[in-house]
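So the structure is just underneath, and the comments pick up after that.
Basis for what follows: all heavy atoms, side chains included, without hydrogens, waters or symmetry-related copies. Reminder, nothing fancy here: chain letters follow the sequence lines and each chain counts from 1.
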Amino acid sequence: MTAAPVTVRVQRGDFDLATEVQALSAGRHDIGAVVTFSGLCRDEAGTLSALELEHYPGMAEAEITRICDEAINRFGLQAATAIHRYGKIAPGENIVLVITASPHRQAAFDGANFIMDFLKTSAPFWKKEHGNDGTAGGWVSAKDEDDSARDRWSD
Amino acid sequence: MTAAPVTVRVQRGDFDLATEVQALSAGRHDIGAVVTFSGLCRDEAGTLSALELEHYPGMAEAEITRICDEAINRFGLQAATAIHRYGKIAPGENIVLVITASPHRQAAFDGANFIMDFLKTSAPFWKKEHGNDGTAGGWVSAKDEDDSARDRWSD
Amino acid sequence: MASVNLVYFAWVRERIGRGEETLELPDTVVTAGDLLAHLKTLGEEYEAALEHENVIRVAINQEHVDHDETIAGAREIALFPPMTGG
Amino acid sequence: MASVNLVYFAWVRERIGRGEETLELPDTVVTAGDLLAHLKTLGEEYEAALEHENVIRVAINQEHVDHDETIAGAREIALFPPMTGG
């Protein structure tokens, strides 16, 4: 197990990047690198009114915490934060935030990358598309490339 | 050459992470992933009063811009920002910020990682340590591992 | 017969037509895979939801399990499609 | 003889004792490496600064160059140690 602080939240509302980075790093002099990943609702075609994120309350938090703990142990992170939103999210809005801190840069990069790969493939969230024309579109399909991205971390 | 916006600044004062991310992504619906890297002044031993960053004015901006342009072309980034501070920087303070944006997450991770590796080894900055006891310590030595990190991007 | 709470998400929930239910399971249902097979006998909504059994993910007490794992001790079993968060 | 602006940084600057200067270079100085060799004849402060020639980085008109590159057309030549930013 790890003594590094882990912050995990699943919430409807938006998050503030600067506030979360500050909470993770303020007052510490031992952190050399902080990496953040923000995942946004993307709509290049202009046909999307919103993504609707469904989640499994309880398990979502538990699974993300397991992923963060694993990343901390594997990469020697000093802290990790993961926040995932649910509900309707409009194009351009935030969906997910991951923050990692470490003494040196590569661990922070790898830790955030690892957390995102597992979050995509094992955290219980599902996306449904709502179209600009009022239609409730289909459920987004899981991508093989997300499984491949996860599998590259296997030893 | 690239049409993706590049923001490069070399400045004495601090930067604000949220402001810079906002400037890069506001009003866009085509960005799916934003990665930020913050490099901080680290002092685990508690013996450092400050790092002093010297730079080569003009070339520092030009070289960082070249690195960002290369990253944009190589990884298909939608935008890149790199801000590097100079002057005296106390433990816990920011030294450098890199931000990348792309449709999908791996390009944003790789782009920020690439920019940091080249920024470390080819942007004209030099660090000098100032000790808590009033001594001006030595110049920080370049690390072989930074050259190795850069060289892994060679095709 | 054991009683277990079942929860469904995303298109599994939509096709079955409810988000949760409590069912009595016959003793012949030992593994998660057995559970899926049993549910498919309960009506066409279950058949439609679980048609492609191999893509259905199962969590017991909020942890992922393979289809061949036992459901013994399960308070809550969740069935859902592959995840698409992040 | 060509006149060129030289700029120095970090411990190269400290050891030479100044941050910039303009020098007339003899025509025998063709490459960046020739320049380093020439400077080392100008006094012990240059010798101390450039003792380990292979670690000294050279930039011409604010772009990195190898020691075997020509300095023809240089308006500004910079000499400095390996970089430690970021």
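Contact of D:E63 with chain B is made through backbone and side chain together, with heavy-atom distances under 4.5 Å. Contact of B:R66 with chain D is made through the side chain alone, with heavy-atom distances under 4.5 Å. Contacts of B:K128 with chain D are made by side-chain atoms alone, with heavy-atom separations under 4.5 Å and no backbone atom involved. With a 4.5 angstrom heavy-atom cutoff, D:V55 does not touch chain B via any of its atoms. Using a 4.5 Å cut-off between heavy atoms, B:S122 touches chain D through backbone and side chain atoms alike.
In this structure, the side chain of B:H84 engages the main chain of D:G86 through a donor-acceptor pair within 3.5 Å. Side chain of B:W126 to backbone of D:P81: a donor-acceptor contact under 3.5 angstrom is found. A donor-acceptor pair under 3.5 Å links the side-chain atoms of D:T84 to the main chain of B:K127, judged by distance alone.
Around the CD atom of B:E93, the shell of radius 6.0 Å holds more than 12 heavy atoms that belong to other residues, nucleotides or ligands. Within 6.0 Å of atom CZ in B:R152, more than 12 heavy atoms from other residues, nucleotides or ligands are found, so the atom counts as buried in its surroundings. Heavy-atom contacts from other residues, nucleotides or ligands closer than 6.0 Å to CG of B:D133 number more than 12.
For chain D, the option among B:P124, B:A60, B:S141 with the highest count of heavy-atom pairs below 4.5 Å is B:P124. Comparing B:G39, B:A82, B:G58 by heavy-atom pairs within less than 4.5 Å of chain D, the highest count is held by B:G58. Residue with the most contacts toward chain D among B:T121, B:L97, B:L119: B:T121 (heavy-atom pairs, distance under 4.5 Å).
No option in D:M83, D:H64, D:Q62 other than D:H64 meets the side chain to side chain contact (heavy atoms under 4.5 Å, CB included) test with B:E63.
Here the CZ-CH2 distance, from D:F9 to B:W139, works out to 10.5 Å after rounding to the nearest 0.5 Å. Taking CD from B:E54 and CH2 from D:W11, the interatomic distance works out to 12.0 Å, rounded to the nearest 0.5 Å.
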